[in-house]
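Not measured: the values here are computed from a predicted model. Each chain gets a letter, A, B and so on, in the order the sequences are listed, and its residues count up from 1.
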Protein chains: 2
Amino acid sequence: MAEELNERSQNILEAIVEDYISSAEPVGSRAITKRHSFNLSPASVRNVMSDLEEMGFLCSPHTSAGRVPTEKGFHYYIDSLLQVRDLSKEEETRLRQNYRFQGMKMEDIMQEVGRVMSGLSNYTGLVMAPKFASTVFRQIEFVRLSHGRLLVIYVSETGLVQNKVIEGVPDLSSHELEQISNYLNHELTGLSIQDVREKIARELQTERSNYDRLQKQALSLSSTALQDEAGDLIFVSGTSLMLEQPEFSTPDQMKRIIKTLESKSTLIELLDQSQTAQGVQIFIGSQSQHVEIEGCSLVTSSFSNKKGAIGTLGVIGPVRMPYSEVIPIVDFTAQLVSRILEREAE
Amino acid sequence: MAEELNERSQNILEAIVEDYISSAEPVGSRAITKRHSFNLSPASVRNVMSDLEEMGFLCSPHTSAGRVPTEKGFHYYIDSLLQVRDLSKEEETRLRQNYRFQGMKMEDIMQEVGRVMSGLSNYTGLVMAPKFASTVFRQIEFVRLSHGRLLVIYVSETGLVQNKVIEGVPDLSSHELEQISNYLNHELTGLSIQDVREKIARELQTERSNYDRLQKQALSLSSTALQDEAGDLIFVSGTSLMLEQPEFSTPDQMKRIIKTLESKSTLIELLDQSQTAQGVQIFIGSQSQHVEIEGCSLVTSSFSNKKGAIGTLGVIGPVRMPYSEVIPIVDFTAQLVSRILEREAE
DNA sequence: TGTTAGCACTCATCGAGACAGAGTGCTAAC
DNA sequence: GTTAGCACTCTGTCTCGATGAGTGCTAACA
């Protein structure tokens with residue numbers, strides 16, 4: 001990937017990528033010389049293009065079509081040629097105005113973030129809410145349902161609300177439940193779920209005799225309640241925008257894309273991958289092992305509050321994507337969401 | 001619609017509809033005589049088909065194709081010819097085994113019901129959870145978020161959990177909040193949201209002087225919390241199954257369908273319509289005013305518990321649908337969900 | 001040596017025409 | 001009332017040739 005290109009080759013590669021991004025069609029030597037004013041003839045451009053093809057940056061669908069950037073070509077473009085300008089103050093304001101989070105709960109915010117990001121970029125928006133396990137305990141409440149069934153409501157520092165039904169618990173009075181939740185809220189506030197689990201496991205093991213029945217009950221209940229990972233919360237918005245892309249215009253491709261976006265498991269894996277890194281990340285097509293998203297590119301960024309509850313958001317679209325526009329949108333949105341989470345956490 | 005058909009015409013119409021359901025292609029006179037053993041020649045069948053076409057039950061895409069049932073034809077088939085056998089005990093058991101609701105909360109159950117129903121029928125499943133306003137109050141809890149922001153958690157009799165953030169409320173201590181929720185839970189349990197709203201409005205108006213500050217606070221808070229309709233909860237499963245249908249095989253049709261299923265507003269209207277009726281309902285294509293679902297058929301049924309929280313579920317697919325299989329699935333599922341809601345309610 | 005004009009070549013796309021196949025409608029016979 | 005026979009219609013597919021865009025190569029030029 002560290003291959004050197006002279007300036008002319010770079011310029012031409014850049015021109016080809018950009019023309020291809022806006023047209024979605026193979027670009028020929030003549031088109032290049034027309035649209036960009038290099039002082040070169042088509043023939044010279046052809047020579048360069050031929051070199052670029054040999055190096056694997058371009059390929060031609062067939063002899064008499066123009067050239068199309070390969071994934072390697074896109075990579076080079078993104079790594080070395082792309083200039084992402086920051087958003088101007090006005091643009092930022094404009095973007096910010098699209099978001100209205102007044103009085104929204106976590107899920108709604110995530111959903112809304114996806115919708116707006118999708119609308120701004122014109123690509124399909126993905127948002128993965130912070131994982132349950134990565135959240136910080138704020139509060140737990142119990143609600144009695146029918147006999148032996150209990151609804152547990154768990155609120156994280158960031159305002160993420162999880163509820164879960166647990167069955168086969170001994171019947172407890174409202175008063176007892178209240179005591180239990182008071183006890184737990186007092187003991188656990190501020191700990192990460194990871195810590196909470198460890199703490200509970202530890203205390204349950206020691207079985208200190210000075211615990212009263214209710215305390216034991218409380219520990220056992222919370223253990224059950226926080227036990228297994230709640231399913232990943234992932235929000236996909238603007239699915240149909242994918243279908244507008246010329247690269248996914250055949251019925252078969254449409255089916256493939258829709259199925260992929262529908263099942264979500266692939267998306268979760270992809271978003272998980274980019275979770276660790278800082279700032280905007282770009283995954284191009286087959287770079288990942290997922291065949292399902294062949295021809296797709298993912299622009300993502302993670303968000304978090306200071307306490308580290310991490311989620312990931314981004315957009316997915318064809319490899320041929322106007323990165324210079326999409327990247328700032330994703331970047332800004334991630335920062336914005338981080339700030340909102342901070343605010344939620346006080 | 002009350003047109004009379006003699007027995008032969010009925011038999012032939014039935015044969016055509018059923019052949020068309022399984023093949024998705026225009027059916028010709030010869031095919032009919034081959035597959036079903038009427039003692040008739042193709043020519044005779046042709047005469048009947050010609051009559052049926054004149055009456056509007058059939059139409060031919062062009063002169064030299066077979067006949068396709070019109071929507072009117074399907075209507076007649078469903079109203080007069082279709083025999084829906086009940087599920088056998090074994091089939092019921094088999095269906096029931098697909099459902100595992102242990103330890104699931106309301107949303108998950110709805111989601112899961114949709115998934116299973118979609119899987120069983122091989123069509124896209126739709127589930128609309130009972131509307132917030134139609135639920136019965138069981139419990140309300142408050143959680144303090146950052147300064148001036150409050151998370152309200154509301155649980156209905158059926159275990160449906162709604163949460164909502166309200167802003168700009170005076171800062172109250174945990175203790176005060178507890179008192180408030182105790183007060184509200186005591187006052188409101190068992191009332192429908194409709195009743196709750198009215199009651200609160202009434203009490204707020206009278207402003208009885210013997211109310212203390214907290215009680216007023218409680219009323220005002222709950223008023224805000226229960227104020228506006230929470231968005232309809234609708235679950236769509238198996239979207240991509242739609243794309244497998246030959247009637248939606250062109251890119252344009254695919255886009256149309258996906259957009260319709262994505263936006264959900266059309267679906268909500270459709271499901272709302274069928275909410276009132278008892279038992280399984282069938283909407284055929286342009287019967288409704290929604291152009292978006294041209295060529296689609298909807299098989300729905302409502303579910304409810306004794307207290308009347310009503311939701312609707314069903315499947316959507318092409319008009320050419322094996323109703324005799326789909327109807328029992330939808331019917332059974334609706335009954336099953338009703339029973340689960342009863343159980344939740346104790 | 002790098003650049004360019006010229007030209008032959010390749011290949012996808014499009015429309016016209018031919019053809020096979022399926023199915024109908026009509027007529028005449030049973 | 002039913003049916004066999006036959007002409008007719010229409011679609012889908014295939015082939016063929018024309019078109020045009022774009023390339024690669026070669027030879028001339030600065």
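- Summarising the geometry, the separation between CD on Glu53(A) and C1' on dG22(D) is reported as 12 Å, rounded to the nearest angstrom.
- The side chain to side chain contact (heavy atoms under 4.5 Å, CB included) test with Ile329(A) singles out one residue from Leu120(A), Asn122(A), Leu87(A), Val116(A), and that residue is Leu120(A).
- Taking Asp51(A) as the reference, Met55(A) meet the side-chain contact (heavy atoms from CB on, under 4.5 Å) condition, with sequence neighbours excluded.
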Response to the item:
Contact string for nucleotides 11-19 of chain D, one letter per nucleotide 5' to 3', B = base within protein heavy-atom range under 4.0 Å, S = sugar-phosphate only, - = neither, reads S--------
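- Atom CG in Leu82(A) sits 7.0 Å away from atom CD1 in Ile282(A) (nearest 0.5 Å).
- Residue pairs meeting the salt bridge (charged side-chain N to carboxylate O under 4.0 Å, His left out) criterion with at least one member in residues 6-19 of chain B, sequence neighbours excluded: Asp19(B)-Arg35(B).
- At a non-hydrogen distance threshold of 4.0 Å, Arg46(A), Met49(A) from residues 42-49 of chain A come into contact with DNA chain D.
- Remark: Ser297(A) pairs with Tyr323(A) by the side-chain hydrogen bond (donor to acceptor under 3.5 Å, both in side chains) rule, at least two apart or across chains.
- Note that NZ of Lys255(A) is 5.0 Å distant from CE of Met254(B), once rounded to the nearest 0.5 Å.
- Lys264(B) is linked by a salt bridge (charged side-chain N to carboxylate O under 4.0 Å, His left out) to nothing, counting only residues two or more places apart in sequence or in another chain.
- Residues that satisfy the side-chain contact (heavy atoms from CB on, under 4.5 Å) test with Ser118(B), not counting sequence neighbours, are Ser237(B), Leu241(B).
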Worksheet item: Under the side-chain contact (heavy atoms from CB on, under 4.5 Å) criterion, do Cys296(A) and Met242(A) qualify, and how do the steps go?
Response: CA-CA 10 Å; Cys296(A) 292; Met242(A) 252 347 205; 3.8 Å; yes
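- Interface residues of residues 19-41 of chain B facing DNA chain C, ordered by number: Gly28(B), Ser29(B); criterion, heavy-atom separation under 4.0 Å.
- Around the CG atom of Asn6(A), the shell of radius 6.0 Å holds more than 12 heavy atoms that belong to other residues, nucleotides or ligands.
- Residues meeting the salt bridge (charged side-chain N to carboxylate O under 4.0 Å, His left out) test with Glu25(A), sequence neighbours left out: none.
- With sequence neighbours left out, Gln111(B) forms a side-chain contact (heavy atoms from CB on, under 4.5 Å) with Arg115(B), Phe235(B).
- Under the salt bridge (charged side-chain N to carboxylate O under 4.0 Å, His left out) criterion, Glu292(A) pairs with no residue at all, not counting sequence neighbours.
- Between the CG atom of Asp51(B) and the P atom of dG25(C) there is a distance of 10 Å, given to the nearest Å.
- If you take CZ of Arg8(A) and P of dG2(C), they are 10 Å apart, rounded to a whole angstrom.
- Atom-to-atom, CD1 of Ile12(A) to P of dT23(D) comes out at 12 Å; the value is rounded to the nearest Å.
- Counting to the nearest Å, the P atom of dT1(C) and the CG atom of Asn6(A) are 17 Å from each other.
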Discussion item. Both atom distances under 3.5 Å, Watson-Crick or G-U wobble: I'd like the secondary structure of DNA chain C as a dot-bracket string, with | for pairs made across strands.
Written reply: ||||||||||||||||||||||||||||||
